[in-house]
Amino acid sequence: MSRKPVPAQSGDRSRVEVNFDKPQLLPQLFGEYDSNILALEERLGVYIHARGQRVVIEGSAEAVAHAREVLQELHSRVIRGEAVDTGLIDAVIAMSSEPMLTGIVRAQNDANGLGGAAPPIMIRTRNKTIVPRSVTQTAYMRALISNDIIFALGPAGTGKTYLAVAQAVAQLITGSVKRLILSRPAVEAGERLGFLPGDMKEKVDPYLRPLYDALYDCLPAEQVERRIASGEIEIAPIAFMRGRTLADAFVILDEAQNTTPMQMKMFLTRFGQNSRMVVCGDPKQTDLPGGPGASGLNDAVNKLEGIEGMAMIRFGIGDVVRHPIVGRIVQAYEGND
């Protein structure tokens, strides 16, 4: 790999070498045609040259130090079996300036006299192992294993629903819950449900498609279909929740900003023994005729903040982990609100 070095600013040139002890993993780290290295160079303003297991980073002192830290973190994630892509690169760059989970956990262990390396926080499903890609995702994943009801609030692309589905699948696999219930309000957006073709399932399935997508990403397709057929996994509009008590279940409500206050109260009071409930939504984006003021999500957050057993996790623009342009789109729209 050889490219022309990036011009350095005068008086601030730095050069470091990094040696990796698992050279067989470097192709995964560098990416096809060194695409990951090129992405690092572009984002951090450095020049990276690799030969064998030795990597040379050149640029300003601050940028070189940042690039070295990011490269080493990416290498450790490859060792853990993660796939490096531009999304992970952007997430690690963003997280590198924040307190890392390993530091937080190690500090707690040392305080308890336990010492040793900090265990990573992760969610294991049949298809993949998922780790946090932002500091807020770290807090969210902790809440998913320690609180009864979790509100995940924030813009699209922050992993609110995806991580909830992954945690639900993990608990279903281990048997800590018997059912996974995924729900969404079927709010009309320009089309009347009655005029859409098909039976009720065919009418509402398009509204629930994002939940199916997350499921198929965490479980083999045949297992998803089998568990849906057996009733272990249920995907239904929120109206189907009325009159039920959801015990021994992991229950997720997506697009909660499109519920009314009465729907939200009905949903939350379905909570049963040995259950966990996650409510996901963006308080600023509602399709209800009355706008955010008519949203059951906003009403619930105002009434339930601080109640024991509940967690309110708030994501921001900086937590968007989709393609970088999604973060810029969200920022542009929110900046105009």
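All residue numbers refer to positions in the sequence shown, counting from 1.
In terms of heavy atoms, Ala67 sits closest to Leu44 at CA-CD1, 3.5 Å. Here the closest non-hydrogen pair linking Ala139 and Ile313 is O-CD1, 4.1 Å. Considering all non-hydrogen atoms of both residues, Ile89 and Ala39 come closest at CD1-CB, 4.1 Å. The two atoms that bring Ala300 and Met264 nearest to each other are CB-CG, 3.7 Å, heavy atoms only. Taking every heavy atom of both residues into account, Leu172 and Arg179 meet most closely at CD1-N, 4.0 Å. Contact record, Ile48 with Glu41: N-OE2, 2.8 Å, taken as the closest heavy-atom pair.
Atom CD1 in Ile252 sits 7.5 Å away from atom CG in Leu211 (nearest 0.5 Å). The CG atom of Asp287 lies 4.5 Å from the CG atom of Asn258; values are rounded to the nearest 0.5 Å. Rounded to the nearest 0.5 Å, atoms CD (Gln53) and CG (Leu26) are 7.5 Å apart. With rounding to the nearest 0.5 Å, the separation of OG1 in Thr286 from CG in Asn298 is 8.0 Å.
A donor atom on one side chain and an acceptor atom on the other are not found under 3.5 Å apart for Glu62 and Ser60. Residues Asp213 and Tyr162 have side chains that never bring a donor and an acceptor to within less than 3.5 angstrom of each other. Side-chain atoms of Ser176 and Gln171 form a donor-acceptor pair, as typed in the model, at a separation below 3.5 Å.
Side-chain contact between Phe250 and Val177: present, with at least one pair of heavy atoms (C-beta onward) separated by less than 4.5 Å. Here the side chains of Phe30 and Val55 are in contact, with some heavy-atom distance below 4.5 Å. Residues Asp254 and Pro185 form no side-chain contact, since every pair of their non-hydrogen atoms from C-beta on lies 4.5 Å or further apart. A 4.5 Å side-chain heavy-atom check between Thr136 and Thr158 finds every atom pair outside the cut-off. Counting heavy atoms from C-beta outward, Glu232 and Lys178 have side chains that stay 4.5 Å or more apart. The side-chain heavy atoms of Met312 and Leu304, taken from C-beta on, include a pair separated by under 4.5 Å. Side-chain contact between Gln223 and Ile228: absent, with no pair of heavy atoms (C-beta onward) separated by less than 4.5 Å.
Looking at Ser275, its side chain never comes within 3.5 Å of a backbone N or O of Phe271 through a donor-acceptor pair. Checked by atom type and distance alone, the side chain of Ser295 never pairs as donor or acceptor with a backbone atom of Gly291 at under 3.5 Å. Put simply, the side chain of Ser183 gets close to the backbone of Ala236: a donor and an acceptor are under 3.5 Å apart. Using a distance-only test at 3.5 Å, with no hydrogens or angles considered, a donor-acceptor pair links the side chain of Asn36 to the main chain of Leu29. Gln257 places no side-chain N or O within donor-acceptor distance of the main-chain N or O of Gly281, the cut-off being under 3.5 Å. Put simply, the side chain of Glu69 never gets that close to the backbone of His66: no donor and acceptor are under 3.5 Å apart. A side-chain donor-acceptor contact under 3.5 Å links Asp85 to the backbone of Leu88. At distances below 3.5 Å, not a single donor-acceptor pair connects side-chain atoms of Arg77 with backbone N or O atoms of Glu73. Side chain of Ser146 to main chain of Arg142: a donor-acceptor pair is present (N/O by atom type, distance under 3.5 Å, no hydrogens or angles).
Salt bridge Arg226/Glu222: absent, no basic N to carboxylate O contact under 4.0 Å. Between Arg314 and Glu305, at least one side-chain N (NZ, or NE/NH1/NH2) sits under 4.0 Å from a carboxylate O, which counts as a salt bridge. The existence of a salt bridge linking Arg227 and Glu225 is excluded, since no basic side-chain nitrogen approaches an acidic carboxylate oxygen closer than 4.0 Å. Between Arg184 and Glu255 a salt bridge is recorded (basic side-chain N to carboxylate O distance below 4.0 Å). Salt bridge Glu234/Arg244: present, at least one basic N to carboxylate O contact under 4.0 Å.
Residue Gln273 places its CD atom among 12 or fewer non-hydrogen atoms of other residues, nucleotides or ligands, all under 6.0 Å distant.
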Would you check, one step at a time, whether the test side-chain contact (heavy atoms from CB on, under 4.5 Å) holds for Val18 with Gln72?
CA-CA 8 Å; Val18 184; Gln72 290 175 326; 4.0 Å; yes

The test is salt bridge (charged side-chain N to carboxylate O under 4.0 Å, His left out); show your working for Arg54 and Glu17 and say whether it passes.
CA-CA 7 Å; Arg54 183 173 65 92; Glu17 293 185 6; 3.2 Å; yes

Could you walk me through whether Val278 and Ile149 pass side-chain contact (heavy atoms from CB on, under 4.5 Å), step by step?
CA-CA 6 Å; Val278 183; Ile149 299 178; over 6 Å; no

Asp319 and Ser134: CA distance, side-chain angles, deciding distance, side chain to side chain donor-acceptor pair (under 3.5 Å) verdict
CA-CA 6 Å; Asp319 296 304; Ser134 74; 3.2 Å; yes

Are Ile79 and Leu25 close enough, and set up right, to give a side-chain contact (heavy atoms from CB on, under 4.5 Å), and what steps lead you there?
CA-CA 7 Å; Ile79 293 173; Leu25 298 179; 3.6 Å; yes

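Val46 and Val56 end up in different hydrophobic clusters when Ile, Leu, Val, Met, Phe, Trp and Tyr side chains are linked at under 4.5 Å.
In this structure, Phe315 and Tyr140 have perpendicular ring planes: the angle between them is above 60°, well past the 30° mark.
When Lys160, Met277, Arg276 are each tested for a side chain to side chain contact (heavy atoms under 4.5 Å, CB included) with Ile150, only one passes: Arg276.
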